[in-house]
Amino acid sequence: MLAPAGVHAAEAAGAGPTVQIAKTIPANIKTTHAPDADPGHYQVLDGTHFSYRCYVPYTLKTKEAAVEVCEIDPVKLQILGWPETEVIHLIRGRVTVTGPGGETASYSDGDIFVLPQGFQGIWQQSDKLLKVVVRHPLFWKD
């Protein structure tokens with residue numbers, strides 16, 4: 001996932017001590033159509049060629065972590081080894097995550113969960129979802 005460049009807290013919030021994260025994506029953020037496979041990371045099993053829109057309201061100055069707001073079209077992914085840890089707050093939608101041993105967890109509106117670095121399994125969503133995510137260490141960059 002190549003995400004748009006982020007901003008630092010001082011740029012996003014003026015001189016304030018915090019950065020407010022909106023639960024929407026600006027209309028000018030274009031849809032990205034990711035490849036159906038990223039060797040070593042994922043393979044699309046079913047879906048819309050991994051289409052998404054992501055807005056990055058905050059990136060650490062060191063570029064080690066970022067906060068994103070992402071809208072993802074329905075997709076089923078075979079995750080081969082996720083390269084970053086994601087702390088996900090699901091704003092809208094539903095996703096089922098199946099681990100390598102067959103253990104399954106489903107998440108919906110309001111749930112918060114972690115997709116750890118190195119995760120292998122299935123990510124499946126039948127509807128568009130909206131999530132706020134903290135990513136670390138940043139693997140996909142502009």
Side-chain angles (χ1 to χ4, degrees), residues 1-14 16-35 37-142:
M1 276 188 283
L2 297 176
V7 296
H8 302 295
E11 296 167 332
T18 65
V19 178
Q20 183 174 356
I21 306 298
K23 296 184 228 174
T24 60
I25 299 172
N28 65 335
I29 302 295
K30 294 183 172 108
T31 298
T32 297
H33 301 284
D38 184 346
H41 300 116
Y42 70 83
Q43 170 72 46
V44 173
L45 299 176
D46 186 26
T48 56
H49 305 288
F50 202 9
S51 298
Y52 61 90
R53 291 182 342 120
C54 286
Y55 167 62
V56 184
Y58 183 78
T59 300
L60 286 178
K61 289 180 184 180
T62 60
K63 305 229 185 238
E64 294 175 35
V67 176
E68 293 180 346
V69 181
C70 295
E71 180 181 78
I72 304 172
D73 289 328
V75 68
K76 182 176 183 181
L77 293 175
Q78 173 73 53
I79 298 176
L80 307 170
W82 207 242
E84 16 183 60
T85 293
E86 293 188 5
V87 178
I88 298 168
H89 182 187
L90 199 55
I91 303 300
R92 184 180 63 243
R94 182 172 174 83
V95 63
T96 299
V97 181
T98 304
E103 62 281 4
T104 300
S106 293
Y107 303 99
S108 59
D109 301 8
D111 287 339
I112 300 171
F113 62 101
V114 175
L115 188 68
Q117 184 177 32
F119 175 82
Q120 296 179 345
I122 303 289
W123 171 283
Q124 185 170 4
Q125 58 178 95
S126 56
D127 297 311
K128 186 177 288 193
L129 66 77
L130 179 66
K131 67 180 183 174
V132 175
V133 61
V134 177
R135 300 172 40 228
H136 178 270
L138 293 183
F139 178 80
W140 287 292
K141 303 175 188 176
D142 280 330

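Numbers for residues simply follow the sequence, beginning at 1.
Pairing each heavy atom of Ala34 with each of Tyr52, the nearest pair is CB-CE2, 4.0 Å. When all heavy atoms of Glu68 and Cys54 are compared, the pair lying nearest together is OE1-SG, 4.0 Å. Considering all non-hydrogen atoms of both residues, Val114 and Pro116 come closest at O-CD, 3.4 Å. Minimum interatomic distance between Tyr55 and Pro26 (heavy atoms only, all atoms of both residues): CG-CD, 3.6 Å. When every heavy atom of Gln43 is checked against every heavy atom of Ala37, the shortest pair comes out as OE1-CB, 3.2 Å. Nearest heavy atom pair, residue Trp82 against residue Glu84, reads CD1-O, 3.1 Å.
Looking at Asp109, its side chain does come within 3.5 Å of a backbone N or O of Gly93 through a donor-acceptor pair. Of the possible polar contacts, one joining the Gln117 side chain to the Pro83 backbone as a donor-acceptor pair under 3.5 Å is found. In terms of modelled atom types and a separation under 3.5 Å, the side chain of Gln120 and the main chain of Leu80 share a donor-acceptor contact. Checked by atom type and distance alone, the side chain of Glu86 never pairs as donor or acceptor with a backbone atom of Leu115 at under 3.5 Å.
The shortest distance between side-chain heavy atoms of Thr24 and Val69 does not fall below 4.5 Å. Counting only heavy atoms from C-beta outward, the side chains of Ile122 and Leu45 approach each other to under 4.5 Å. By the 4.5 Å heavy-atom criterion applied to side chains, Ser106 and Arg94 are counted as neighbours. Residues Asp111 and Val95 form no side-chain contact, since every pair of their non-hydrogen atoms from C-beta on lies 4.5 Å or further apart. At a threshold of 4.5 Å between non-hydrogen side-chain atoms, the residues Phe50 and Thr32 do not count as touching.
Residue Glu71 forms a salt bridge (charged side-chain N to carboxylate O under 4.0 Å, His left out) with just one option from Lys131, Arg53, Lys30, and that option is Arg53. The residue from Leu130, Ile112, Leu129, Val132 that alone fulfils the side-chain contact (heavy atoms from CB on, under 4.5 Å) condition with Leu90 is Leu129.
Side-chain contact annotation: Ser51 with His33, donor-acceptor N/O pair under 3.5 Å present.
Atoms OG1 and CD, from Thr59 and Glu64 in turn, are 12.0 Å apart once rounded to the nearest 0.5 Å. Rounded to the nearest 0.5 Å, atoms SG (Cys70) and CD1 (Ile88) are 9.5 Å apart. The CZ atom of Phe113 sits 10.5 Å away from atom NE2 of His89, with the distance rounded to the nearest 0.5 Å. The structure places OH of Tyr107 at 9.5 Å from OG1 of Thr96, a figure rounded to the nearest 0.5 Å.
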Step-by-step side-chain contact (heavy atoms from CB on, under 4.5 Å) determination, Val133 to Val67: CA-CA 6 Å; Val133 61; Val67 176; over 6 Å; no
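Legend: salt bridge (Lys or Arg N to Asp or Glu O under 4.0 Å) pairs involving residues 114-125, not counting sequence neighbours: none detected.
The pair Asp73-Lys128 meets the salt-bridge criterion, since a charged nitrogen lies less than 4.0 angstrom from a carboxylate oxygen.
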